[in-house]
Amino acid sequence: MTTSPEADPTVDAVIIGAGFAGMYALRRFRDELGLDVRVFERASDVGGTWFWNRYPGARCDVESMYYSYSFSEELEQEWDWTERYATQPEILAYANHVADRFALRETITFDTSVDSAEFDESENTWVVRTDTGETVRARFLISAVGCLSSSRVPDIAGSADFTGELLHTGRWPHDGADLAGKRVAVIGTGSSGVQAIPEIARTAGHLTVFQRTPHFVIPAGNRPLAPAHVANIKSDYQTLREECRHSYGGTIVELPIGSALEFDESARRAEMDRRWSVGGTDVMATFTDTSVNLDANTILADYAREQILAYVDEPELAAHLTPRDYPIGAKRICLGTDYYTTFNRENVTLVDVRDTPITRLTQAGIVAGEQEYEFDVIVFATGYDAMTGAVLAIDIKGVGGESLRDAWAAGPRTLLGLSTAGFPNLFFITGPGSPSVLVNVIVSIEQHVDWIHDLIAHVARNDIARVEAQPQAQDDWVDHVNERSKRSFLTKVANWYQGANVPGKPRVFMPYVGGMGPYRQSCDEVAAAGYAGFTLTPALQSAPA
Ligand code: NAP
């Protein structure tokens, strides 16, 4: 293995990942800054999470007209989304189109994982090693590994004993899974399970759903996009995109009618009925105070609970499917199509494992409580080691050989989610401490890449060799992130935002709840103040004696 600066090829930037973040970073850094860039991607093609998540029913729950890049007017005008919420194949086709249009693939090395990255202080470069044995030096290291890319199968005893097929929604076989007529189990009822369950029920012989915590599922209201609607948006895309960039969630939502507490029951119900029938996340935006006031929250939660009772034929089954012990929105809201009514099918059974957890797998299937259930296929819809799993899978060592795993042992600490003290010239796209998973992630990605792009341009103009977050500025940002999250219901229940789904993971609320627009302003202010909170070391000063 080569380690000397003379022997290893050196580039300006290494980008890890060729999902939406890595692709856009490549486009901006290579084509606009003229940097020499290498991109390493473990998959055999572009698309990131959309490359892997091929499970039946997979689609995005941000509206497709806004879950797309805004950086190229030509791109946004030429691409036609067909549905309100795009399917995984359509999003992947879009990613492929972008890769072709901007000739991205020629700079991406596929089927290659970055194993380690070590900061060489004497050269101010990162020494990046891959699982194919390559070593590359880079001035900047950009983590574009995604927040929900490290899929997680819970440690259940006996998993190796099962003789049927084990699948995870986030690692679905590319040639599909043959579920026709089979006895299928789905474990998990988060966003992935909620989308997969109705589709699997249509083909499986029998589907058994293992539910630990019921989620609130709002009807997606998915539909084909009317050409007139698309034309309307496209005629004013720039204004709408700008609105997204400065909004709370990075997308266009129908404005709330006001506080839930200021309307009488009939006015509230009329509005909730109307929004529920249209479907989509606008339901969550019905009132201004659903996410901050428990009484207001209960009004919407009770309404959603009533709907579940109406969808499900058997009241006892409906009771099991109904969330009762946390505020609506405290676990990520799910958008579903035919979700609750799927449980009325004769070939679908719900097993509530809240009080009788799954204890082991056997040759034949799953044991929960006293009972063994037999299956041909078990589908884990059990989520991800979110936000930190993929980056900490890489052995990253910064100043003084400190490992990122050690630095974040008590939870991730960043300045603006972009950078972490002790790891110069390393930037995270949608890292912990930024809005990331709480907003339209494409808007988040573009904002982060644009900010890093401007920083690199500044660095080049000023002959700066090293950029790093100052510990005090980082502490202040972490305090701010924590302070904001304290007020949110998202911290009031076990969820993956706090790492609660991964045993042993520190319970730290990772994303920034302050919203896309205000967050963007914070980043802009830092840049306008000459990158306040970052230490920028000129090349001469940092040169070895
Ligand atoms: P998730 O939200 O973490 O859900 C995992 C599910 O598995 C939960 O129901 C969890 O129950 C259950 N589970 C985990 N371990 C279990 C065990 N040992 N026994 C029984 N149940 C177990 O994962 P996800 O559904 O893949 O979604 C993750 C995130 O990805 C979403 O929140 C969303 O941000 C994103 N996503 C988005 C879309 C979309 O755009 N529509 C689609 C899919 C995913 P508990 O709740 O009790 O822990």
Side-chain angles (χ1 to χ4, degrees), residues 48-50 52-64 66-67 84-88 91 146-157 159 167-172 185-197 199 208-218 220 222 249 251 280-281 321 323 325-326 329-337 339 350-361 366-369 378-387 389 430 435-442 444 490 493-503 505 510-511:
T49 197
W50 300 106
W52 298 104
N53 274 269
R54 299 175 187 232
Y55 61 85
R59 59 172 82 233
C60 186
D61 58 12
V62 176
E63 297 203 20
S64 48
Y66 304 111
Y67 190 86
R84 181 183 184 190
Y85 296 107
T87 60
Q88 175 271 333
I91 300 170
C147 296
L148 293 159
S149 48
S150 178
S151 56
R152 215 192 146 263
V153 172
D155 304 321
I156 301 175
S159 293
L167 301 172
H168 189 285
T169 47
R171 283 283 178 283
W172 203 258
V186 171
I187 303 174
T189 53
S191 302
S192 304
V194 160
Q195 289 183 333
I197 284 162
E199 293 300 323
T208 306
V209 176
F210 289 83
Q211 171 197 272
R212 188 164 64 187
T213 313
H215 283 60
F216 284 99
V217 183
I218 288 174
N222 186 45
T251 189
T281 42
L321 288 165
D325 53 5
Y326 63 88
K331 278 168 104 70
R332 190 182 187 276
I333 209 74
C334 299
L335 296 192
T337 300
Y339 179 67
L350 180 75
V351 178
D352 188 337
V353 293
R354 160 160 301 193
D355 299 322
T356 51
I358 296 171
T359 48
R360 66 194 155 93
L361 300 196
I366 296 173
V367 177
I378 298 174
V379 175
F380 287 94
T382 46
Y384 298 86
D385 182 353
M387 306 215 61
T430 67
S436 55
V437 290
L438 295 180
V439 304
N440 177 354
V441 79
I442 308 258
S444 226
L490 291 166
V493 65
N495 55 37
W496 58 258
Y497 300 120
Q498 307 171 72
N501 62 328
V502 181
K505 189 165 174 171
M510 294 178 283

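Residues take their numbers from the sequence shown, with the count starting at 1. Counting starts at 1 for both ligands and their atoms, following the listed order.
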### Query
Which parts of the protein, at residue level, reach under 4.0 Å of ligand 1 through a heavy atom?
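Ligand 1 pocket, heavy atoms under 4.0 Å: Tyr55, Arg59, Cys60, Asp61, Leu148, Pro154, Ile187, Gly188, Thr189, Gly190, Ser191, Ser192, Gln195, Arg212, Thr213, His215, Lys331, Arg332, Ala381, Thr382, Gly383, Tyr384, Trp496.
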### Query
With Asp385, which residues qualify under salt bridge (charged side-chain N to carboxylate O under 4.0 Å, His left out), at least two apart?
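For Asp385 the salt bridge (charged side-chain N to carboxylate O under 4.0 Å, His left out) partners, ignoring immediate neighbours, are Lys505.
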### Task
Evaluate the side-chain proximity of Met510 to Tyr497: yes if any heavy-atom separation is below 4.5 Å, no if none is.
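When only atoms from C-beta onward are counted, Met510 and Tyr497 do not touch, as no gap falls below 4.5 Å.
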For residues 329-337, which side-chain N or O atoms pair as donor and acceptor with protein atoms under 3.5 Å away, sequence neighbours left out?
from   : atom 1 : to     : atom 2 : distance (Å)
Lys331 : NZ     : Ala494 : O      : 3.1
Arg332 : NH1    : Asp61  : OD2    : 2.9
Arg332 : NH1    : Ser191 : OG     : 3.3
Arg332 : NH2    : Asp61  : OD1    : 3.0

### Query
Knowing that exactly one of Thr251, Val439, Val441 qualifies, which makes a side-chain contact (heavy atoms from CB on, under 4.5 Å) with Val62?
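The option that passes is Thr251.
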### Message
Rounded at 0.5 Å granularity, tell me how far CG in Leu148 sits from CE in Met387.
### Response
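Answer for the CG-CE pair, Leu148 versus Met387, is 8.0 Å.
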### Query
Considering residues at least two apart in sequence or located in another chain, which fulfil the side-chain hydrogen bond (donor to acceptor under 3.5 Å, both in side chains) criterion with Arg354?
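Applying side-chain hydrogen bond (donor to acceptor under 3.5 Å, both in side chains) to Arg354 gives Asp325.
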